[in-house]
Amino acid sequence: YLRAWQAGVGKWGNITDMNSCSIGIELDNDGYEPFTDKQINSLLVVLESLKKRFGIPQANFIGHEDWAPVRKNDPNVNFPWQRLAMQGFGNWWSDTTNVQVPADFNSTQALRIIGYDIRDLGRTVIAFRRHFCGVESTDPALSPAEIKVLYCLYTKYMY
C-alpha cells in the first residue's frame with residue numbers, strides 16, 4: 001500500500017483523500033514566471049509514462065489549486081494547461097465563438113460537476129479562471145466569456 005503526502009486537505013469530485021490515489025509532480029517555478037520548454041517537455045514525458053502505466057484518464061490530470069483552491073495557488077496562470085490537454089493530460093474547452101449558454105445554466109453546479117469543491121465559491125472561481133482562462137483576478141464572479149468556457153467544459157462531463 002503506497003500513500004503520497006503531497007496533496008493535503010482538499011476535494012475533487014467525490015475524492016476527499018487524494019493522497020491515497022495520486023502522484024504529485026513539482027516543477028521549479030514561482031508560478032508567475034513562464035515555464036520553460038525544457039520543463040514542460042520533460043513533464044510531458046513523465047505524464048505519458050504515468051498515464052500508460054497506471055491507465056489514468058485524461059480528465060484526471062489536475063493542478064494543486066484545482067484540488068485545494070482555498071489553500072493553494074499553483075501552478076498558477078502561466079502553466080500551459082491547454083498544451084497539456086492537447087497532449088491528453090486534462091480537459092480543455094473548444095472554441096466559444098458560437099456557444100449559446102442556456103438561460104438556466106447554473107455555473108456553481110457546473111463547477112461542482114467538473115470536479116471543483118464549491119464550498120468557497122470565490123476561491124473556486126479564482127482557481128477555475130487561472131486554470132482554464134489563464135487570467136489572474138480575484139473577482140468572485142465569472143465574466144460572460146468565462147461562463148462560456150465553463151459551459152463548454154461542463155458539456156464534456158454531461159454528454
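- Of all the heavy atoms in C21 and I15, the pair that sits closest is SG-CG2, 3.9 Å.
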task = Could you go through the side-chain contact (heavy atoms from CB on, under 4.5 Å) check for Q58 and F89 one step at a time?
result = CA-CA 5 Å; Q58 180 166 341; F89 309 108; 5.9 Å; no
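- In this structure, E33 and D30 have side chains that are in contact, with non-hydrogen atoms separated by less than 4.5 Å.
- In terms of hydrophobic clustering, with Ile, Leu, Val, Met, Phe, Trp and Tyr side chains grouped at heavy-atom distances under 4.5 Å, W92 and V101 are assigned to a common cluster.
- Side chain of R129 to backbone of S137: a donor-acceptor contact under 3.5 angstrom is found.
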ask   = Stepwise, does the side-chain contact (heavy atoms from CB on, under 4.5 Å) test hold for F61 with I56?
value = CA-CA 8 Å; F61 291 86; I56 303 169; 3.5 Å; yes
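- Within a 6.0 Å radius of CG in D28, no more than 12 heavy atoms belonging to other residues, nucleotides or ligands are found.
- In this structure, W81 has its ring center no closer than 6.0 Å to that of F132.
- Rounding to the nearest 0.5 Å places OG of S107 at 15.0 Å from NZ of K148.
- Taking the side chain as every heavy atom from C-beta outward, V99 and V149 never approach each other to under 4.5 Å.
- Between the side chains of D95 and T97, a donor-acceptor pair is found at a separation under 3.5 Å.
- Counting heavy atoms from C-beta outward, E65 and H131 have side chains that stay 4.5 Å or more apart.
- The two residues S94 and C152 come nearest to each other via the heavy atoms O-SG, 4.1 Å.
- Salt-bridge annotation for K72 and D74: absent, with no side-chain N of the basic residue lying under 4.0 Å from a carboxylate O of the acidic one.
- Of all non-hydrogen atoms in A110 and F105, the two that sit nearest each other are CB-CZ, 3.4 Å.
- Here the shortest heavy-atom pairing between P80 and F35 reads CD-CD1, 4.2 Å.
- Residues F54 and V46 fall within the same hydrophobic cluster, defined by Ile, Leu, Val, Met, Phe, Trp and Tyr side chains chained together at heavy-atom separations under 4.5 Å.
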task = Give the intermediate values and the outcome of side-chain contact (heavy atoms from CB on, under 4.5 Å) for residues V70 and T124.
result = CA-CA 8 Å; V70 173; T124 297; over 6 Å; no
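- Nearest heavy-atom pair across Y157 and A59 is OH-CB, 3.8 Å.
- Salt-bridge annotation for D37 and R83: present, with a side-chain N of the basic residue lying under 4.0 Å from a carboxylate O of the acidic one.
- Here NZ of K156 is found 5.5 Å from CG of N91. Values are rounded to the nearest 0.5 Å.
- For the pair Y151 and W93, the minimum side-chain heavy-atom distance is 4.5 Å or more.
- Taking each heavy atom of P75 and G63 in turn, the nearest pair found is CD-CA, 4.1 Å.
- Annotation: the span from R112 atom CZ to L121 atom CG amounts to 12.5 Å, rounded to 0.5 Å.
- In this structure the side chain of P69 never reaches within 4.5 angstrom of the side chain of F128, judged on heavy atoms.
- Looking at N76, its side chain never comes within 3.5 Å of a backbone N or O of Y32 through a donor-acceptor pair.
- Side chain of K11 to backbone of G115: no donor-acceptor contact under 3.5 angstrom is found.
- Remark: R71 CZ to N73 CG distance equals 11.5 Å, nearest 0.5 Å.
- Atoms CG and CD1, on L50 and I23 in that order, are 4.5 Å from each other to the nearest 0.5 Å.
- Side-chain atoms of Y116 and D66 include a donor-acceptor pair closer than 3.5 Å.
- In this model, a donor atom of one side chain and an acceptor atom of the other lie less than 3.5 Å apart for Q6 and S22.
- Contact check for L84 versus F79: side-chain heavy atoms found under the 4.5 Å cut-off.
- In the hydrophobic clustering of this structure, V135 does not group with V77; members are Ile, Leu, Val, Met, Phe, Trp, Tyr whose side-chain heavy atoms approach within less than 4.5 Å, directly or through other members.
- You'll find the side chain of L47 reaches within 4.5 Å of the side chain of I25, heavy atoms only.
- Annotation: the span from M158 atom CE to L153 atom CG amounts to 13.5 Å, rounded to 0.5 Å.
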key: From CA spacing to verdict: side-chain contact (heavy atoms from CB on, under 4.5 Å), Q109, I118   = CA-CA 8 Å; Q109 290 308 311; I118 58 171; 4.0 Å; yes
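- Under a cut-off of 6.0 angstrom, the local environment of CZ in R119 is sparse, with at most 12 non-hydrogen atoms contributed by other residues, nucleotides or ligands.
- Looking at E146 and L150, their side chains never come closer than 4.5 Å, going by heavy atoms from C-beta outward.
- Hydrophobic cluster membership differs between I126 and W12, with clusters built from Ile, Leu, Val, Met, Phe, Trp and Tyr side chains linked at under 4.5 angstrom.
- Hydrophobic clustering of Ile, Leu, Val, Met, Phe, Trp and Tyr side chains at less than 4.5 Å, counting indirect connections, unites M18 with I114.
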